[in-house]
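Here is the structure we will look at.
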Amino acid sequence: MSKADEIFINMCKDILENGTSTEGEKVRPHWEDGTPAYTIKKFGVVNRYDLSKEFPIMTLRKTALKSATDEMLWIWQQKSNNIHDLHSHIWDEWADEEGSIGKAYGYQLGVKHQYKEGMFDQVDRVIYDLKNNPFSRRIMTNIYVHQDLHEMNLYPCAYSMTFNVTQKKGEDKLTLNAILNQRSQDVLAANNWNVVQYAVLVHMLARTCDMNVGELVHVIADAHIYDRHVPIIKELIKRTPKDAPKFILNPEKKDFYEFDRNDVSLEGYEVAGEQIKDIPIAI
């Protein structure tokens with residue numbers, strides 16, 4: 001069984017059995033028909049994935065690796081806030097007529113800031129520190145910028161990454177670990193999608209900085225299952241998971257800014273059942 005599947009199943013069972021409901025409360029999200037979108041939620045979910053042992057992609061249903069990678073690179077590499085730079089349509093709901101999502105996500109990572117060593121945006125600063133001061137405890141990003149929230153078409157959900165480097169006994173290379181902080185997550189629609197994205201990010205940054213991959217820790221403040229997703233989740237977690245596939249990152253590339261969505265692939269990726277289509281998304 002894939003470890004990612006085991007974590008997902010246990011998380012969903014915990015939410016369904018021990019979570020609290022927002023039914024009847026004042027909630028912002030709603031369905032397309034205007035009905036309030038209530039959830040069953042758990043506070044403070046923490047999931048750990050050891051990237052050195054296996055790649056954390058679910059086998060219960062297919063996660064589109066290249067599309068997930070494309071969105072991550074749109075934010076972290078292109079530092080874009082325009083959907084015309086993206087190959088999918090997952091952000092169309094929040095874009096204006098010009099395609100902008102406002103001062104959100106990639107925009108924030110592209111803003112340059114003054115440091116003692118000069119001007120860097122947040123991504124370049126992470127790479128600089130990993131290469132020049134890897135044992136710093138200050139290697140992190142934050143895109144939840146309060147002064148710009150009023151100009152964001154959607155407040156960031158996954159808002160912060162903290163990178164931490166360790167030296168494992170018997171290994172020459174350093175190990176890159178990371179914590180992904182997320183204020184809110186739609187478990188069915190986005191959980192494994194986000195896990196896969198940031199696992200790929202850690203792999204790419206580790207390659208860039210000549211390190212091994214270590215742990216990805218995913219911290220979710222509000223992990224929730226929407227009311228209309230409950231029967232889908234119940235069916236999904238009854239499936240029999242497959243083994244985790246092997247993740248392959250193009251060995252010819254060693255610079256974060258050279259990677260594209262076609263540089264990632266999986267070997268032996270089998271899924272346990274049919275893809276779930278037309279998942280209703282709360283807005």
Side-chain angles (χ1 to χ4, degrees), residues 1-11 47-78 86-88 90 123 126-127 130 158 161-166 168 171-180 182 185 187 189-219 236 239-273 275:
M1 176 191 297
S2 163
K3 185 67 176 177
D5 290 315
E6 180 183 340
I7 289 172
F8 183 83
I9 291 169
N10 290 338
M11 174 179 61
N47 295 324
R48 305 182 79 103
Y49 305 89
D50 189 341
L51 305 184
S52 69
K53 292 182 178 178
E54 65 180 52
F55 188 73
I57 192 166
M58 277 176 44
T59 70
L60 294 173
R61 68 180 175 113
K62 184 178 180 180
T63 297
L65 174 66
K66 291 186 186 297
S67 295
T69 299
D70 182 59
E71 187 199 20
M72 183 276 290
L73 291 174
W74 177 62
I75 297 168
W76 279 78
Q77 187 194 73
Q78 298 179 59
L86 192 60
H87 291 86
S88 64
I90 54 180
V123 180
V126 164
I127 294 172
L130 289 176
M161 282 288 281
T162 303
F163 298 92
N164 190 274
V165 174
T166 54
K168 291 185 178 180
E171 293 186 1
D172 294 330
K173 289 186 177 182
L174 299 176
T175 295
L176 179 61
N177 309 284
I179 297 174
L180 168 63
Q182 194 151 0
Q185 185 172 75
V187 166
N191 179 261
N192 196 240
W193 179 270
N194 290 144
V195 170
V196 164
Q197 288 180 313
Y198 286 89
V200 171
L201 175 64
V202 173
H203 271 276
M204 289 181 173
L205 290 176
R207 172 74 62 76
T208 298
C209 301
D210 194 27
M211 297 181 183
N212 293 325
V213 292
E215 277 196 290
L216 172 64
V217 179
H218 190 192
V219 181
L236 187 63
R239 295 180 177 181
T240 302
K242 306 290 186 179
D243 292 333
K246 179 182 178 181
F247 174 72
I248 300 170
L249 180 62
N250 185 348
E252 297 181 1
K253 295 187 178 180
K254 297 182 179 180
D255 185 328
F256 180 67
Y257 291 102
E258 292 181 356
F259 291 112
D260 62 48
R261 68 187 188 280
N262 294 314
D263 289 317
V264 296
S265 60
L266 297 169
E267 187 178 284
Y269 187 31
E270 297 181 47
V271 292
Q275 183 64 303

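Screening Gln197, Arg261, His87 for a side chain to side chain donor-acceptor pair (under 3.5 Å) involving Glu71 leaves a single residue, Gln197.
Among all heavy-atom pairs drawn from Ala4 and Met58, the shortest one is CB-N, 4.2 Å. Smallest separation of non-hydrogen atoms from Ala206 and Val213: CB-CG1, 3.8 Å. Pairing each heavy atom of Phe55 with each of Ala199, the nearest pair is CE1-CB, 3.7 Å. Residues Val271 and Arg61 come closest through the heavy atom pair CG1-C, 3.9 Å. When all heavy atoms of Asp70 and Ser88 are compared, the pair lying nearest together is OD2-N, 4.3 Å. Ala178 and Met161 make their closest contact through CB-CE, 3.7 Å (heavy atoms, listed as atom of the first residue, atom of the second, distance).
Residues Gln185 and His218 are in side-chain contact: their nearest non-hydrogen atoms beyond the backbone lie under 4.5 Å apart. Side-chain contact check for Leu249 versus Val264: some heavy-atom pair is nearer than 4.5 Å.
Atom CD of Gln275 has more than 12 heavy atoms from other residues, nucleotides or ligands within 6.0 Å. Counting non-hydrogen atoms of neighbouring residues, nucleotides and ligands closer than 6.0 angstrom, the CG atom of Asp172 reaches no more than 12 such neighbours. Within a 6.0 Å sphere centred on NZ of Lys246, other residues, nucleotides and ligands contribute 12 heavy atoms or fewer.
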Residues Lys168, Asn212; criterion side-chain contact (heavy atoms from CB on, under 4.5 Å); working and verdict: CA-CA 10 Å; Lys168 291 185 178 180; Asn212 293 325; over 6 Å; no
Test side-chain contact (heavy atoms from CB on, under 4.5 Å) applied to Leu201 and Phe256, step by step: CA-CA 9 Å; Leu201 175 64; Phe256 180 67; 3.7 Å; yes
Test log, rule side-chain contact (heavy atoms from CB on, under 4.5 Å), inputs Ile57 and Phe247: CA-CA 9 Å; Ile57 192 166; Phe247 174 72; over 6 Å; no
Audit row: Ile9, Leu60, side-chain contact (heavy atoms from CB on, under 4.5 Å) steps and yes/no: CA-CA 9 Å; Ile9 291 169; Leu60 294 173; 3.8 Å; yes
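The list of salt bridge (charged side-chain N to carboxylate O under 4.0 Å, His left out) pairs with a residue in residues 201-218, not counting sequence neighbours, reads Arg48-Glu215, Lys173-Asp210.
Between atom CG of residue Asn177 and atom OG1 of residue Thr166 there is a gap of 4.5 Å, rounded to the nearest 0.5 Å. With rounding to the nearest 0.5 angstrom, the CH2 atom of Trp193 is 12.0 Å from the OH atom of Tyr198. Within the model, atoms OG1 of Thr59 and CG of Asp5 stand 3.5 Å from one another, a figure rounded to the nearest 0.5 Å. If you take CG on Asn47 and CD1 on Ile7, they are separated by 5.5 Å, rounding to the nearest 0.5 Å.
Not one N or O on the side chain of Glu270 forms a donor-acceptor pair closer than 3.5 Å with the backbone of Asp243. Of the possible donor and acceptor atoms, one in the side chain of Tyr269 sits under 3.5 Å from a partner among the backbone N and O of Thr63. Using modelled atom types, no side-chain atom of Thr162 and backbone atom of Ile179 make a donor-acceptor pair closer than 3.5 Å. Checking side-chain atoms of Asn194 against main-chain N and O of Ala68 turns up no donor-acceptor pair under 3.5 Å.
Scanning for salt bridge (charged side-chain N to carboxylate O under 4.0 Å, His left out) contacts around Lys66 gives an empty result, with sequence neighbours left out.
Salt-bridge formation is detected for the pair Asp260/Lys253: a Lys NZ or Arg NE/NH1/NH2 atom is positioned less than 4.0 Å from an Asp or Glu carboxylate oxygen.
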